[in-house]
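Accompanying notes for the structure given below.
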Amino acid sequence: MPLSSKNTKSEMNILNSLANDHIDSHDLHPPPSPGISKHRVFKLVLTGGPCSGKSSGQILLSDAFENMGWRVYRVPETATILLNGGVVWSELSEEQAYNFQMNLLRTMLTIENTFFQLAALNTEQNTLVICDRGAMDCSAYIARPLWLKMLAENGWNEVELRDQRYDAVVHLVTAAIGAEKFYTTENNAARSEGVELAAELDGKVATAWSGHPYMDIVDNSTDFSGKKARVVEQVCKRVGVVAKRAVGSRNYKRKFLLKRAPTVDEWGDVMHHDFEVEHDYIYAPGDQQARLRRRGQHGVFSYMYTLRLPKVDDQVVEVKRALTGRDYIALRSQKYDSHFTVKKQRLCALWDRLYFHIDIFLNQEPACKGLVLLEAYLRDKDANVSELLPPFIEIDREVTKDPAFSMWNLSKVPGKEKSESKEKSES
């Protein structure tokens, strides 16, 4: 597949690195299990504020995955299609705006489903479906009560639209925040926002997606080529494809032990979502590690299978697959007796464009009783995290590299050991 003529020399180096040095994605498949097909379909949302680089990022991302042998489908932005038909958003009445957003979302879901179904029928190769914005973007443009009314009128469920429909979400921060001199509306006829409004909309869109289990935020702390490279890197990581040479600027997963869980009153107006989470470890061959996750909100649950492979170039490789409830129950029968089910209350929050989550462990086993951990992905592995978090969050210490706080070790049943002599650890 020829490279896009829009790719710079540095971007071509990135593509060559991925094309020539990536681990073959076919080698990353978990062993056959109920509900897990040989070929993969990965559904990605690229979202963000106005003038954030979504279109350019999509081009580089498409080229990278096509060079790795994937089929790539690009779902067009529904709002742009409709707005280019002569609609002026600022001139709409409240009733018109509500009906426009409702029909926009209906249209978006129909267009997406067309590509999703096409991808599911592609049995010859892995498929990446890139959605230019997704269902939750619509909620950022209308008041919360109207959004809830829309959900009720159409039989939609917010948890399903946000958490279950897409495998990952990448939010690109608008140039109006951190790269103001590059902000422009010239490259999109449907865009008319000024810098201040663009920044405000960026925050609303990020908040709308807050709560998705695999959301990454890509800011403007590097030049534009570096920003696009970080998009490719984050998507590769979520998909489970790892380049042997570093791509762009790395994000670091860091874990912290908290002194206590924040109270309801302390959260105040800080936007956050509360989930029930359960993890189980099940049999996996060799040095691989497999776990199941049940995650839900308001009685609606999603199920995930994660296969963790041995490190490559000191990078953790994980391949994730969504499961049906039936497949989850079937796989759970393979649960290790030497590990108990880990139960948590998970709080996902967005604070000044830092997306993080807090796990409050509910188990009464000694290793987990009273345990509260915070995890976040940071550009700077040495950053003072306390300065980036809400002031009411009290950090005890960092435990990123402490194996005692890996979920694998925390879930061990005291007095029971696995039959295999080797130990598996999880960061």
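Values in this document were obtained by computation on a predicted structure and should not be read as measured data.
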Notebook entry, point to check: Who passes salt bridge (Lys or Arg N to Asp or Glu O under 4.0 Å) against Arg346, sequence neighbours left out?
Noted result: Asp359
Check: Of all residues at least two apart in sequence or in a different chain, which pass the salt bridge (Lys or Arg N to Asp or Glu O under 4.0 Å) check with Asp167?
Finding: none
Without placing hydrogens or testing angles, list every side-chain donor-acceptor pair under 3.5 Å for residues 197-206, not counting sequence neighbours.
{"unit_1": "Glu200", "atom_1": "OE2", "unit_2": "Lys204", "atom_2": "NZ", "d": "3.3"}
{"unit_1": "Asp202", "atom_1": "OD1", "unit_2": "His171", "atom_2": "NE2", "d": "3.1"}
{"unit_1": "Asp202", "atom_1": "OD1", "unit_2": "Arg353", "atom_2": "NE", "d": "3.1"}
{"unit_1": "Asp202", "atom_1": "OD1", "unit_2": "Arg353", "atom_2": "NH2", "d": "3.4"}
{"unit_1": "Asp202", "atom_1": "OD2", "unit_2": "Gly49", "atom_2": "N", "d": "3.0"}
{"unit_1": "Asp202", "atom_1": "OD2", "unit_2": "His171", "atom_2": "NE2", "d": "3.3"}
{"unit_1": "Asp202", "atom_1": "OD2", "unit_2": "Thr174", "atom_2": "N", "d": "2.8"}

Heavy-atom check, side chain of [X] versus side chain of [Y], under 4.5 Å:
X: Lys369; Y: Phe361; answer: no
X: Asn122; Y: His39; answer: no
X: Phe301; Y: Glu278; answer: no
X: Leu257; Y: Asp402; answer: no
X: Val72; Y: Ile130; answer: yes
X: His298; Y: Glu158; answer: no
X: Phe275; Y: Ser302; answer: no

Check: Only one of Thr47, Val232, Val218 clears side-chain contact (heavy atoms from CB on, under 4.5 Å) with Val170; which?
Finding: Val218
Margin query: Working note: His339 + Trp408, criterion ring pair (Phe, Tyr, Trp, His ring centres under 6.0 Å); need CA distance, chi angles, decisive distance, verdict.
Written below: CA-CA 8 Å; His339 290 259; Trp408 172 265; 4.1 Å; yes
Notebook entry, point to check: Yes or no on side-chain hydrogen bond (donor to acceptor under 3.5 Å, both in side chains) for Asp223 and Ser225, after CA distance, side-chain angles and deciding distance?
Noted result: CA-CA 6 Å; Asp223 61 21; Ser225 290; 4.8 Å; no
Check: Where do Leu410 and Ala367 come nearest, in terms of heavy atoms and distance?
Finding: CD2-O, 3.5 Å
Check: Taking the six-membered ring of Tyr141 as reference, does the NZ or CZ atom of Arg133 fall below 6.0 Å from its centre and within a 45° cone about the axis?
Finding: no
